[in-house]
Amino acid sequence: MAPADAARRLLLLLAVAGAVLRPAAAEIKQESFKDDSRGTILFEKFGFSHRGSVSIALTGAKAVSKLAKPEPAQLGFFLLSDEALFEAIYEQPPPTDLNPNPDPNTGCVLNSRYVIPLFTFGDLDATGNYSKTFPVSHPDEYSLFFANCAPETAVTMEVRTDMYNTNPDGTKDYLSVGQAPVPTIYAFFALGYVAFLAAWLYLTLYHNRLSAHRIHHLMSCLLLARMLYCISAAEDQHYIRVAGSSHGWDVMFYLFQLVKGVILFAVIALIGTGWSFLKPFLQDKEKKVLMVVIPLQVAANIAAAVVGETGQYLQAWVTWNQIFLFVDVACCCAVLFPVVWSMRSLRESSKTDGKAARTLAKLTLFRQFYVVVIGYLYFTRIIVYALKTITNYKYRWVSVAAEEVATMAFYMFMFYMFKPAERNQYFALDDDEEEAAEMALREEEFEL
């Protein structure tokens with residue numbers, strides 16, 4: 001493959017990576033690479049203000065080629081904005097019959113007029129070390145890349161990267177411009193869940209304690225896990241902002257992310273089965289759903305932790321992203337089956353049990369729950385991702401706020417609809433309405 005054509009393909013891959021890259025805090029990162037032959041390595045994406053800087057320190061850097069000695073100018077670091085990335089793709093001319101083998105240097109992304117070159121291996125000292133801080137004069141969101149344009153060349157190096165903005169008082173802010181409000185958002189919702197949990201505990205342990213079932217206590221655990229998740233997320237982002245390190249809060253963040261994810265999907269599945277407030281047992285197929293959903297949630301959160309902590313420079317980063325997306329979608333699908341089964345079971349029993357009014361109330365409630373669950377999963381998986389992708393880098397915090405608002409609204413709906421009560425909506429209809437309910441059941445098939 002010709003070098004220019006390879007460069008075009010390389011830039012196209014960079015464009016795809018930049019499109020799917022999640023906005024993240026630019027913590028102080030330190031990574032080691034040994035005999036890495038990738039043509040490009042994506043480190044971080046960061047939104048800079050007019051007082052931004054990127055600091056890079058290399059230790060023990062060396063390049064070994066199977067061919068001739070690599071040209072140091074063909075290996076180096078550069079910054080690239082998303083807008084300039086697509087322009088750089090079209091800048092690279094494909095090989096032609098008149099010029100099938102253009103100069104390799106002209107096909108190297110380091111020589112593109114759209115990139116901001118930082119330094120090359122030609123700037124290293126005799127021991128392969130280099131350290132410098134580069135100011136970012138033009139505010140924008142940039143991705144930090146390492147490019148290896150030398151053919152058949154493997155690189156060994158230790159890299160430390162710091163990307164930050166400088167506050168007016170001279171302190172460093174390690175959060176991207178668009179992520180700056182995120183700690184406050186999580187702290188606000190943590191307080192909201194404190195109040196939510198207090199009200200729910202009052203309802204289940206005091207006001208309606210005789211009507212509370214095991215599912216309601218599990219829902220209390222869900223609120224507690226969500227509250228602790230928001231607290232740990234707020235602390236994690238706060239410490240990253242001021243110090244460039246999470247000070248161990250990332251461990252708590254991933255732990256409570258796992259716990260709240262497992263409990264959430266378990267609660268949705270158990271509510272869908274009617275466990276504890278409609279029937280005291282689970283059928284075999286319902287147990288199998290839980291046995292599938294819980295391990296999938298564990299796998300999804302492990303993949304999310306690997307992706308979040310290692311960053312895009314991990315060679316298997318794309319694989320871990322695919323694992324996360326697959327298991328997350330699988331959980332979302334599996335958790336809906338119990339709701340569908342309950343609706344079908346109620347529909348069948350309405351023909352024989354003579355309790356049309358109660359059955360109609362249950363079917364209506366289950367259908368509302370089914371629709372809301374689908375809406376919540378769709379919004380948090382699709383709409384929030386779209387907001388992360390299309391929103392200007394200065395407003396990336398909007399996706400975090402939107403996800404938390406949607407989650408709070410979903411929890412309030414679910415907890416209100418299935419709250420403990422002496423006469424809840426399952427049994428709210430009187431016997432006088434049996435005839436009207438039977439007609440409604442005959443006319444309305446409740447098909448999904």
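What you see is a predicted model; the values in this text were computed from it and never measured. No hydrogens, no waters, no symmetry mates; every other heavy atom, side chains included, goes into these values.
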* **Taking every non-hydrogen atom, the tightest pair across Leu387 and Ser399** => CB-CB, 3.9 Å
* For His216, does its backbone N or O pair with a side-chain atom of Trp200 as donor and acceptor, under 3.5 Å? -> yes
* Under 6.0 Å between ring centres, would you say that holds for Phe145 and Phe43? -> no
* Search all heavy atoms of Asn165 against all heavy atoms of Leu175 and return the closest pair with its distance. => ND2-O, 3.8 Å
* Asked: So, do Phe196 and Phe415 have ring centers that fall under 6.0 Å from each other?
  -> yes
* Asked: Which heavy atom in Phe48 sits nearest to a heavy atom in Ser53, and how many Å separate them?
  -> CE2-O, 3.3 Å
* Short side-chain to backbone donor-acceptor contact, Asn392 and Lys394, under 3.5 Å -> yes
* Passes side-chain contact (heavy atoms from CB on, under 4.5 Å), Cys230 versus Glu404? Steps please. -> CA-CA 9 Å; Cys230 288; Glu404 290 302 319; 3.8 Å; yes
* **Output field: ring centroids Phe134/Phe78 closer than 6.0 Å** => no
* Residue pair Tyr376 / Thr407, side-chain donor-acceptor N/O under 3.5 Å -> yes
* Taking side chain as C-beta onward, heavy atoms only, is Val115 less than 4.5 Å from Leu110? -> no
* **Those residues that, when tested against Phe337, pass ring-ring contact (aromatic ring centres under 6.0 Å, His included) (two or more places apart)** => Trp341
* Structure fact -> Shortest non-hydrogen pair, Phe379 vs Ala402, comes out as CE2-O, 3.6 Å
* With distance as the sole test, does Thr156 use its side chain to make a donor-acceptor pair with the main-chain N or O of Asp35 at under 3.5 Å? -> yes
* **Minimal non-hydrogen separation, Thr120 against Pro72, with atom names** => CB-O, 3.6 Å
* Identify the heavy atoms of Arg226 and Tyr193 that sit nearest to each other, and give their distance. => CG-CZ, 3.4 Å
* Asked: So, do Leu264 and Leu222 sit near enough that their side-chain heavy atoms are less than 4.5 Å apart?
  -> yes
* Does Ser176 reach the main-chain N or O of Gln179 with its side chain, forming a donor-acceptor pair under 3.5 Å? -> no
* Who are the ring-ring contact (aromatic ring centres under 6.0 Å, His included) partners of Tyr130, not counting sequence neighbours? -> Phe119
* Asked: Picking from Trp249, Tyr254, Phe253, what satisfies ring pair (Phe, Tyr, Trp, His ring centres under 6.0 Å) with Tyr229?
  -> Phe253
* Side chain of Asn167, backbone of Gly170: donor and acceptor closer than 3.5 Å? -> no
* If you count the non-hydrogen atoms of other residues, nucleotides and ligands that lie under 6.0 Å from OH in Tyr239, is the total more than 12? -> no
* Would you say the side chains of Ser232 and Asp236 form a donor-acceptor pair under 3.5 Å? -> no
* To do: Look only at the side chain of Arg160 and the backbone of Ala57, and say whether a donor-acceptor pair between them is shorter than 3.5 Å.
  => no
* Asked: So, the side chain of Asn208 versus the backbone of Pro420: is there a donor-acceptor pair under 3.5 Å, distance only?
  -> yes
